[in-house]
Asks: 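Encoded as structure tokens, here's the structure I'll be asking about.
Heavy atoms only: backbone and side chains are in, while hydrogens, waters and symmetry mates are out. Just so it is clear: chains get the letters A, B, ... in the order the sequence lines come, proteins before strands, and each one is counted from 1.
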Amino acid sequence: MELYKTNQLKIYNSLSKTKEVFKPVIEGKVGMYVCGPTVYSNVHLGNVRTFMSFDMIFRYLKHLGYKVRYVRNITDAGHLENDADAGEDRIAKKARLEEIEPMEVVQRYTVDFHETLQKINNLPPSIEPTATGHIVEQIEIIKDILEKGLAYEVNGSVYFDVLKYNENEHYGILSGRNIEDSIHNTRELDGQSEKKNPQDFALWKKADERHIMRWPSPWSNGFPGWHLECSAMSTKYLGETFDIHGGGMDLKFPHHECEIAQSKTKNGVEPVNYWMHANMLILNGQKMAKSTGNYILPNEIFSGDNKILSKAFSPSATRFFMLQANYRSILDFTNTGLEAAEKGYIKLMEALSNIDKIEVSKESSIDIKAWKQKCYDAMNDDFNTPVLIANLFEAVKFVNLLIEKKATISTEDLAVFKATLNAFVFDVLGLKNELKEDSSDKLSGVVSMLIKMRKDARDNKDWALSDKIRDELAALGIQLKDGKEGTTFSIN
RNA sequence: GGCGUCGUGGCCGAGUGGCUAGGCUGGGCUCUGCAAAAGCUCCUACAGCGGUUCGAAUCCGCUCGACGCCUCCA
């Protein structure tokens with residue numbers, strides 16, 4: 001029987017601001033949409049945290065036995081840059097600066113995005129559609145909204161009429177805003193004179209001469225507006241009402257608000273049952289963002305080539321660091337935080353490597369079933385990975401006690417213990433054991449030989465020789481551990 | 001100025017109306033030739049001020065502060 005039938009998963013819904021029992025539209029199946037990156041530069045660690053959070057969610061849903069269709073778009077056109085070059089597409093601008101084709105920029109950074117997420121061990125989504133691949137669908141939505149009178153055309157551009165929509169719906173329902181407030185509090189921006197109201201947003205923008213990326217439409221040669229692609233692609237692949245929509249907290253307004261307005265106008269139903277927002281990763285107390293330069297790239301962490309960290313940290317240690325915080329909490333990225341996480345990660349991995357050394361008994365002195373349940377309880381409570389990890393450290397203790405024979409476990413319990421531990425560590429959290437298991441027999445053979453030589457030396461009380469062997473191995477990153485049952489080693 | 005999230009021990013981070021996670025760091029003990037590892041253990045916190053309550057860090061109010069959004073942004 002599928003696990004979801006016996007586990008009551010609760011999800012914090014940004015729309016209701018409460019934790020709700022998760023019930024998919026179709027039993028046993030989940031449709032999940034997550035706003036993907038705009039591929040105009042290298043993906044930074046803040047982006048990665050969001051995608052990693054939803055990867056963990058994707059993994060747990062699958063673990064529970066749901067058939068999940070996970071859609072995450074690639075924004076390769078359509079986002080306007082609102083600076084001096086008003087109306088210019090971000091990707092087109094980058095292309096002109098680098099004197100290459102726009103799709104070359106798209107290709108380069110899409111590849112970077114995929115490589116980075118793969119390094120951090122994210123699973124690929126089920127479908128990864130592109131904005132440029134869905135221009136037709138977007139045009140159809142604009143036509144429909146125009147017909148319903150909730151959009152208007154000016155000089156070849158089409159804008160969504162927010163005030164009119166707000167007559168019957170609540171624009172701001174997700175972000176807790178009222179349109180009246182924003183009318184009084186919106187700063188004046190240049191280049192918006194075409195709009196009836198500053199709150200209106202573009203569905204279609206006419207391209208000027210310099211704009212390279214353009215498509216024909218009934219209104220002009222141009223490009224789709226800021227928020228339309230997600231409405232188009234989520235509806236196409238997941239249906240008019242789907243289960244989970246995710247994204248970074250900073251997309252809540254206006255992006256997701258606009259999505260709701262567009263989709264609701266087009267389809268007449270609530271587009272999303274559960275809105276989920278991953279919180280920001282900050283660096284030195286400040287937001288990590290490309291625009292301010294306050295950011296770190298994942299590769300700079302893995303290589304150690306950066307000015308923030310004292311050394312390089314592996315993808316799994318980095319992933320573990322982020323999973324130790326709740327996805328809804330702001331997390332500060334610091335050197336000491338990463339160092340602490342790395343140590344914990346190594347401790348966990350060593351315990352997992354040692355699990356095969358456990359010998360079984362007739363009876364169990366530890367309650368494996370209760371421990372297992374605590375792991376599920378943590379994840380069922382809105383994907384509480386910090387509590388899950390606390391339980392995993394309890395498991396580490398179990399492993400060490402069992403190896404030292406200070407606790408006992410039955411064959412049956414050990415099987416459950418191993419399966420559960422592996423499922424949560426590797427399948428759900430998506431960690432990898434990066435400890436150089438170099439179980440290449442040659443190396444472990446050599447070390448075993450040295451351990452034997454050291455034992456002889458110790459038996460002869462030749463401490464100088466035994467310590468020399470230990471210290472020189474340590475200098476090579478091989479640590480010897482003397483236990484009751486003999487000496488073992490680990491490679492760092 | 002508006003909206004929102006949040007303020008937990010040396011640090012990071014859960015949680016919650018009474019039983020007070022976990023990790024890292026530091027101290028002590030056991031084991032050990034010494035060390036490391038491991039086990040045990042200690043350091044016992046919830047921004048401030050009021051209020052509700054038998055009882056609040058947990059609920060309510062105010063103050064202060066941090067961060068985010070309000071313009072593309074995970």
Asks: Do any pairs count as a salt bridge (Lys or Arg N to Asp or Glu O under 4.0 Å) and have a residue in residues 380-393 of chain A, sequence neighbours left out, and if so which ones?
Replies: Lys19(A)-Asp381(A), Arg328(A)-Asp382(A)
Asks: Just the atom pairs and distances: protein N or O near nucleotides 66-69 of chain B's N or O, under 3.5 Å.
Replies:
from, atom 1, to, atom 2, distance (Å)
C67(B), OP1, Gln286(A), NE2, 3.2
G68(B), OP1, Lys287(A), N, 3.0
C69(B), OP1, Lys287(A), NZ, 2.3
C69(B), O2', Arg177(A), NH2, 3.2
C69(B), O2', Phe253(A), O, 3.4
C69(B), O2, Arg177(A), NH2, 3.3

Asks: Who are the side-chain hydrogen bond (donor to acceptor under 3.5 Å, both in side chains) partners of Lys405(A), not counting sequence neighbours?
Replies: none
Asks: Which of these, Lys357(A), Lys481(A), Lys343(A), sits in a salt bridge (charged side-chain N to carboxylate O under 4.0 Å, His left out) with Glu350(A)?
Replies: Lys481(A)
Asks: Would you tabulate the side-chain donor-acceptor contacts of residues 366-379 of chain A under 3.5 Å, counting partners in other chains and residues two or more places apart, or write 'none'?
Replies:
from, atom 1, to, atom 2, distance (Å)
Asp367(A), OD1, Lys369(A), N, 3.4
Asp367(A), OD1, Ala370(A), N, 3.1
Trp371(A), NE1, Asn391(A), O, 2.9
Gln373(A), NE2, Asp377(A), OD1, 2.9
Lys374(A), NZ, Glu394(A), OE1, 3.0
Tyr376(A), OH, His63(A), NE2, 2.7

Asks: Can you find a side-chain donor-acceptor pair between Tyr171(A) and Glu257(A) that sits under 3.5 Å?
Replies: no
Asks: Atom CG of Leu251(A) and atom C1' of C70(B): how far apart are they, to the nearest Å?
Replies: 14 Å
Asks: Round to a whole Å and report the spacing from CG of Asn73(A) to P of A74(B).
Replies: 10 Å
Asks: Find which nucleotide of RNA chain B each of Gly248(A) and Asn400(A) is nearest to by heavy atoms, and output the residue with the more 5' nucleotide.
Replies: Asn400(A)
Asks: Please collect all salt bridge (Lys or Arg N to Asp or Glu O under 4.0 Å) contacts where either partner lies in residues 32-60 of chain A, sequence neighbours excluded, each pair once.
Replies: Asp55(A)-Arg59(A), Asp55(A)-Arg319(A)
Asks: Using atom C1' of each nucleotide, how far apart are C67(B) and A74(B) to the nearest Å?
Replies: 16 Å
Asks: Tell me the salt bridge (Lys or Arg N to Asp or Glu O under 4.0 Å) pairs involving residues 32-44 of chain A, sequence neighbours left out?
Replies: none
Asks: On a whole-Å scale, what distance lies between the C1' atoms belonging to G39(B) and C54(B)?
Replies: 41 Å
Asks: How would you summarise protein contacts on nucleotides 23-35 of chain B per nucleotide, using B for base, S for sugar-phosphate only and - for none, with heavy-atom distances below 4.0 Å?
Replies: SSS-------BBB
Asks: Report the residue (Asp332(A) or Glu394(A)) whose heavy-atom-nearest nucleotide on RNA chain B is the more 5′ of the two.
Replies: Asp332(A)
Asks: Can you sort out the partners of Val272(A) under side chain to side chain contact (heavy atoms under 4.5 Å, CB included), two or more places apart, ordered by chain and number?
Replies: Phe242(A), His245(A), Trp275(A)
Asks: Does a side-chain N or O of Asn47(A) approach OP1 or OP2 of A74(B) to a distance below 4.0 Å, or not?
Replies: yes
Asks: Could you tell me which residues satisfy side chain to side chain contact (heavy atoms under 4.5 Å, CB included) with Lys406(A), sequence neighbours excluded, listed by chain and number?
Replies: Leu401(A), Glu404(A)
Asks: Let's see if you get this right: which residues in residues 374-388 of chain A place a heavy atom under 4.0 Å from RNA chain B?
Replies: Asn384(A), Pro386(A), Val387(A)
Asks: Which nucleotide wins on minimum distance to the side chain of Leu281(A), given the candidates G22(B), G13(B), A74(B)?
Replies: A74(B)
Asks: Taking the same atom, C1', in G9(B) and in C42(B), what whole-Å distance lies between them?
Replies: 13 Å
Asks: State, to 0.1 Å, how close Asn326(A) and Pro386(A) come at their nearest heavy-atom pair, and which atoms those are.
Replies: N-CG, 3.5 Å
Asks: Determine the Euclidean distance between corresponding C1' atoms of C43(B) and G26(B); express it in Å to zero decimal places.
Replies: 9 Å
Asks: Classify Ala278(A) by what it touches in the nucleic acid, base, sugar-phosphate, or nothing, heavy-atom distance under 4.0 Å.
Replies: nothing
Asks: Is the closest side-chain donor-acceptor distance between His256(A) and His277(A) under 3.5 Å?
Replies: yes
Asks: Any luck finding a side-chain donor-acceptor pair between Asp76(A) and Tyr109(A) under 3.5 Å?
Replies: no
Asks: Ignoring hydrogens and geometry beyond distance, is a side-chain donor-acceptor pair present between Ser231(A) and Glu259(A) at under 3.5 Å?
Replies: no
Asks: With sugar-phosphate meaning primed atoms plus P, OP1 and OP2, does Leu331(A) contact a base, only sugar-phosphate, or nothing at under 4.0 Å between heavy atoms?
Replies: sugar-phosphate
Asks: Please measure how far the C1' atom in G17(B) lies from the corresponding atom in G28(B), and state the result in whole Å.
Replies: 36 Å
Asks: Can you tell me how far P of G7(B) sits from CG of Asn279(A), to the nearest Å?
Replies: 12 Å
Asks: Please enumerate all residues that pass side-chain hydrogen bond (donor to acceptor under 3.5 Å, both in side chains) together with Lys311(A), with sequence neighbours excluded.
Replies: Glu342(A)
Asks: Could you tell me the separation between the CG atom of Asn326(A) and the P atom of A21(B), rounded to a whole number of Å?
Replies: 19 Å
Asks: So what does Gly46(A) touch, heavy atoms closer than 4.0 Å: a base, only the sugar-phosphate, or nothing?
Replies: base
Asks: Under a 3.5 Å cutoff, is there a donor and acceptor pairing between the side chains of Glu359(A) and Thr408(A)?
Replies: no
Asks: Counting runs of three or more consecutive pairs, Watson-Crick or G-U wobble, with each distance below 3.5 Å, where are the stems of RNA chain B?
Replies: B:1-7 with B:64-70, B:10-12 with B:22-24, B:26-30 with B:38-42, B:47-51 with B:59-63
Asks: Between Arg328(A) (CZ) and G7(B) (C1'), how many Å, whole number?
Replies: 16 Å
Asks: Measure the distance from CG on Leu228(A) to P on C72(B) and round it to the nearest whole Å.
Replies: 15 Å
Asks: Could you state the CG-C1' distance from Asn42(A) to A74(B), rounded to the nearest angstrom?
Replies: 15 Å
Asks: Between U63(B) and C69(B), how many Å separate the two C1' atoms, rounded to a whole number?
Replies: 24 Å
Asks: Looking only at atom C1', what distance separates G48(B) and G10(B), rounded to whole Å?
Replies: 22 Å
Asks: Heavy atoms from C-beta onward define the side chain here; which of C40(B), A36(B), G4(B) lies closest to that of Lys397(A)?
Replies: C40(B)
Asks: For Phe398(A) and C40(B), give me the distance from atom CZ to atom P, rounded to whole Å.
Replies: 11 Å
Asks: With rounding to the closest Å, how many angstrom separate the P atoms on C40(B) and A21(B)?
Replies: 15 Å
Asks: Step through the shown structure and confirm whether more than 12 heavy atoms of other residues, nucleotides or ligands are within 6.0 Å of NZ on Lys461(A).
Replies: no
